[in-house]
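Convention: sequence-line order gives letters A, B, ...; per-chain numbering from 1.
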Protein chains: 4
Amino acid sequence: MRKPRDGEDTRQRVLSAAQELFAAKGFAGTSLMDISHRCGISDGLILHHFQSKKNLYRQVLENLAEQYTHNLVQAKESGASPQEMIQQTLSASFNFWKQDTTYQRISLWAYLEGQTELAEKEAYLTAGLFQEVRRLQEQGIMDDRYAPVFLLTLIIGPIHFWLRYRDQFKAILHLPDTADELDHLFLKQLIQLMMEVSHKAS
Amino acid sequence: MRKPRDGEDTRQRVLSAAQELFAAKGFAGTSLMDISHRCGISDGLILHHFQSKKNLYRQVLENLAEQYTHNLVQAKESGASPQEMIQQTLSASFNFWKQDTTYQRISLWAYLEGQTELAEKEAYLTAGLFQEVRRLQEQGIMDDRYAPVFLLTLIIGPIHFWLRYRDQFKAILHLPDTADELDHLFLKQLIQLMMEVSHKAS
Amino acid sequence: MRKPRDGEDTRQRVLSAAQELFAAKGFAGTSLMDISHRCGISDGLILHHFQSKKNLYRQVLENLAEQYTHNLVQAKESGASPQEMIQQTLSASFNFWKQDTTYQRISLWAYLEGQTELAEKEAYLTAGLFQEVRRLQEQGIMDDRYAPVFLLTLIIGPIHFWLRYRDQFKAILHLPDTADELDHLFLKQLIQLMMEVSHKAS
Amino acid sequence: MRKPRDGEDTRQRVLSAAQELFAAKGFAGTSLMDISHRCGISDGLILHHFQSKKNLYRQVLENLAEQYTHNLVQAKESGASPQEMIQQTLSASFNFWKQDTTYQRISLWAYLEGQTELAEKEAYLTAGLFQEVRRLQEQGIMDDRYAPVFLLTLIIGPIHFWLRYRDQFKAILHLPDTADELDHLFLKQLIQLMMEVSHKAS
DNA sequence: TATGAATGAGGGTTCATTCAT
DNA sequence: GATGAATGAACCCTCATTCAT
């Protein structure tokens with residue numbers, strides 16, 4: 001139930017619509033009218049709340065960055081055995097990237113459109129994972145002959161790539177499995193690889 | 001030496017300028033005037049040759065797809081020992097992605113803008129690499145417990161990710177090395193990893 | 001000390017801010033938001049007090065007309081010898097125009113914008129000066145071969161012109177003096193001229 | 001007879017319409033649609049020829065400045081006796097200012113709207129008159145106890161003032177004469193005054 | 001083949017005004 | 001009396017496209 005003159009509610013609806021549309025069509029490809037139409041409000045109202053299109057965009061990115069942080073932090077908790085930790089970390093990462101296509105698309109748009117803020121934040125947060133990796137290396141769980149930044153790249157890079165091209169591969173190679181099944185296989189092999197690399201170290 | 005009324009030459013110059021600009025600013029962000037200005041030709045001439053902006057875009061994508069094929073084919077030759085083959089393949093891949101940022105950016109734009117043609121072609125061509133990988137597996141050079149598609153993902157994914165975030169990592173982690181030095185390190189570790197995975201198989 | 005809900009006080013603050021802004025940027029160039037921002041009040045409050053922007057403008061003009069009258073009346077007092085009277089009148093006029101740039105700018109804006117009310121009032125008030133001049137002429141202090149309206153024009157016209165272009169002349173002629181020094185020189189020469197014209201009469 | 005696609009002709013018509021409208025309503029008060037409507041052309045065409053509204057404005061100002069120069073130069077020619085020279089100069093100046101209200105209004109708008117370019121040019125050109133005045137002073141025709149800049153102010157200032165307020169004075173003082181008759185009287189008295197000041201010098 | 005004049009739709013933004021609270 | 005949410009028109013400007021030359 002929505003009050004007709006609830007500014008905060010309007011803001012939220014605009015942000016949500018903007019996020020979807022920016023994800024779908026990018027900053028340049030989304031017009032304020034697109035957004036206001038989707039919200040059922042007038043053209044000018046968006047700028048009443050957000051001053052400028054650019055600013056609205058920034059707010060969307062900030063929201064996403066927060067979400068990203070939040071998810072990362074959540075993913076980090078838990079304890080258990082070394083192998084379990086690796087498994088859990090990889091699963092969590094994969095699911096994180098798999099779930100929110102909106103986030104990834106906006107992240108890509110921002111990258112291409114030269115909006116570096118988000119990428120910086122991402123990189124900054126990702127950098128936080130280095131500590132984690134280094135700790136695992138010190139405990140002998142992960143192979144310390146590789147630089148932490150490389151191990152991260154080795155985990156997240158394939159995940160990104162896989163999620164982007166998986167459907168096309170499926171089509172071209174005529175794989176009968178569902179997307180979810182393929183994801184499962186992929187994740188299993190990624191975990192297996194990381195395990196092997198880790199054991200090699202010992 | 002260029003004739004004053006050489007339609008073909010004009011076409012090529014437009015295509016080349018369009019490619020650069022679409023790479024830099026995407027389809028929506030590039031105006032025909034941007035392109036005609038960069039070519040030093042008049043406003044209307046582009047559409048005289050290409051009918052519509054969309055059509056020009058398509059032509060650019062097609063050109064790139066051809067280029068891509070060409071580069072991939074070239075990269076494949078070689079002979080030598082198993083280890084050398086792996087090394088060469090990885091180096092070639094890395095350098096291929098590193099050099100042509102134009103291609104990658106347009107590929108990304110096309111992906112986001114829903115222009116699936118290019119992605120399909122890419123996937124199709126990449127699929128060709130599967131054969132290669134499978135052959136290496138049959139020869140016992142690469143580990144055959146992993147699916148070829150996974151091994152490819154494991155190679156190209158990190159490369160993409162690295163090239164995209166490398167500069168930000170460098171900044172955030174205050175790494176003193178140059179980008180080229182970092183690239184060298186990265187490639188070395190990637191090769192090392194692939195070697196180990198391969199040996200493990202034996 | 002200002003009560004939180006003092007309508008009259010708010011009105012005055014709005015009028016004052018509006019006057020400054022209209023003077024600086026004219027009617028078309030000033031937005032109600034400019035004004036409300038400067039007052040530190042909310043967007044809608046101005047129209048709550050003044051119904052429309054046009055109406056607010058009219059109120060500002062009326063206020064200024066009153067102020068103008070008030071200043072003119074004050075300027076007229078004095079006694080003393082004929083020469084001193086001329087001197088005092090010219091000095092007072094000059095300083096009157098020099099000091100209140102706000103008034104003059106709004107007057108000009110109103111003139112250009114076809115808001116004739118203010119100009120009428122001005123002319124009406126200026127006409128009052130005719131009596132003064134005529135009295136001086138009857139007393140033999142001022143030259144009565146010139147029409148009073150001409151003598152007024154001869155005084156006020158140069159003052160206006162001087163105040164408007166003085167700075168530019170200073171820049172172009174590379175005059176080393178300060179604006180105030182130049183004003184002093186100007187006034188001295190204007191007085192000298194009027195004295196001579198008056199003496200010629202006798 | 002106007003060709004339908006004559007760019008230069010269109011430019012001129014836009015400039016002319018813009019000049020009238022800027023004179024009537026100022027820069028801020030004139031919209032590009034006002035101008036395009038008056039010319040019977042589409043909205044975008046103006047910007048095709050003039051890039052931006054500001055730029056169009058600048059062109060109008062430049063045109064006017066040239067006109068101003070042209071008129072000033074023309075006014076300067078002629079020889080004859082000292083008295084005749086003064087008479088001619090004053091008449092020419094007066095008529096110059098009287099004729100082109102467009103020029104004066106735009107000049108005023110520009111002044112108020114902070115567009116200093118025109119005022120600078122004006123001042124610069126006016127400064128050229130100093131030489132003239134100084135020459136007259138050296139020949140003993142004009143009184144050299146007054147600074148040239150002051151003498152100019154004494155001439156142009158009243159003319160401006162008179163032309164601006166003349167009609168209002170006429171109305172308020174119930175003068176029966178026509179505007180032209182009043183102008184004639186005014187000019188006569190101005191000339192008389194300048195003559196006297198000049199003779200006084202001898 | 002090539003130029004550039006002309007159109008018209010759409011985009012971001014400003015702003016006076018209205019109105020629920 | 002005061003706030004600020006909401007509207008809708010107008011404005012400047014960009015741009016793909018058409019067309020006369």
Taking atom P of dT21(F) as reference, at what distance in whole Å does atom CD of Glu8(D) sit? 17 Å
Just the rounded figure in Å: distance from C1' of dT3(E) to CG of Leu45(B). 8 Å
Starting at CD of Gln12(C) and ending at P of dG1(F), how long is that distance when rounded to a whole Å? 14 Å
Which parts of nucleotides 12-18 of chain F does protein reach within less than 4.0 Å, heavy atoms only, written one letter per nucleotide 5' to 3' as B for base, S for sugar-phosphate only and - for none? SBBSSBB
Are side-chain heavy atoms of Arg105(A) and Leu112(B) found at a separation under 4.5 Å? yes
Are any non-hydrogen side-chain atoms of Arg164(C) and Leu108(D) less than 4.5 angstrom apart? yes
Would you check if Thr102(D) and Glu20(D) make a side-chain contact, meaning some heavy-atom pair closer than 4.5 Å? no
With a 4.0 Å limit, can you tell me whether Thr10(A) has a side-chain N or O closer than that to the phosphate oxygens OP1/OP2 of dA6(F)? yes
Just one of Trp109(C), Tyr57(C), Tyr103(C) clears the ring-ring contact (aromatic ring centres under 6.0 Å, His included) bar with Phe22(C), so which one? Tyr57(C)
Which base, if any, makes a Watson-Crick or G-U wobble pair with dT21(F), both distances under 3.5 Å? dA2(E)
Rounded to the nearest Å, what distance is computed from the CZ atom of residue Phe50(A) to the P atom of nucleotide dT13(E)? 13 Å
Whole angstrom value for the distance that separates P of dA5(F) from CZ of Arg13(A): 14 Å
Given atom NE2 of His37(A) and atom P of dT7(F), what is their separation to the nearest angstrom? 12 Å
Taking atom P of dA2(E) as reference, at what distance in whole Å does atom CZ of Arg11(B) sit? 12 Å
Can you check the His48(B) NE2 to dA20(F) P distance for me, whole Å? 15 Å
Within a strict 4.5 Å, meaning less than it, do heavy atoms of the Leu15(C) and Leu56(C) side chains meet? yes
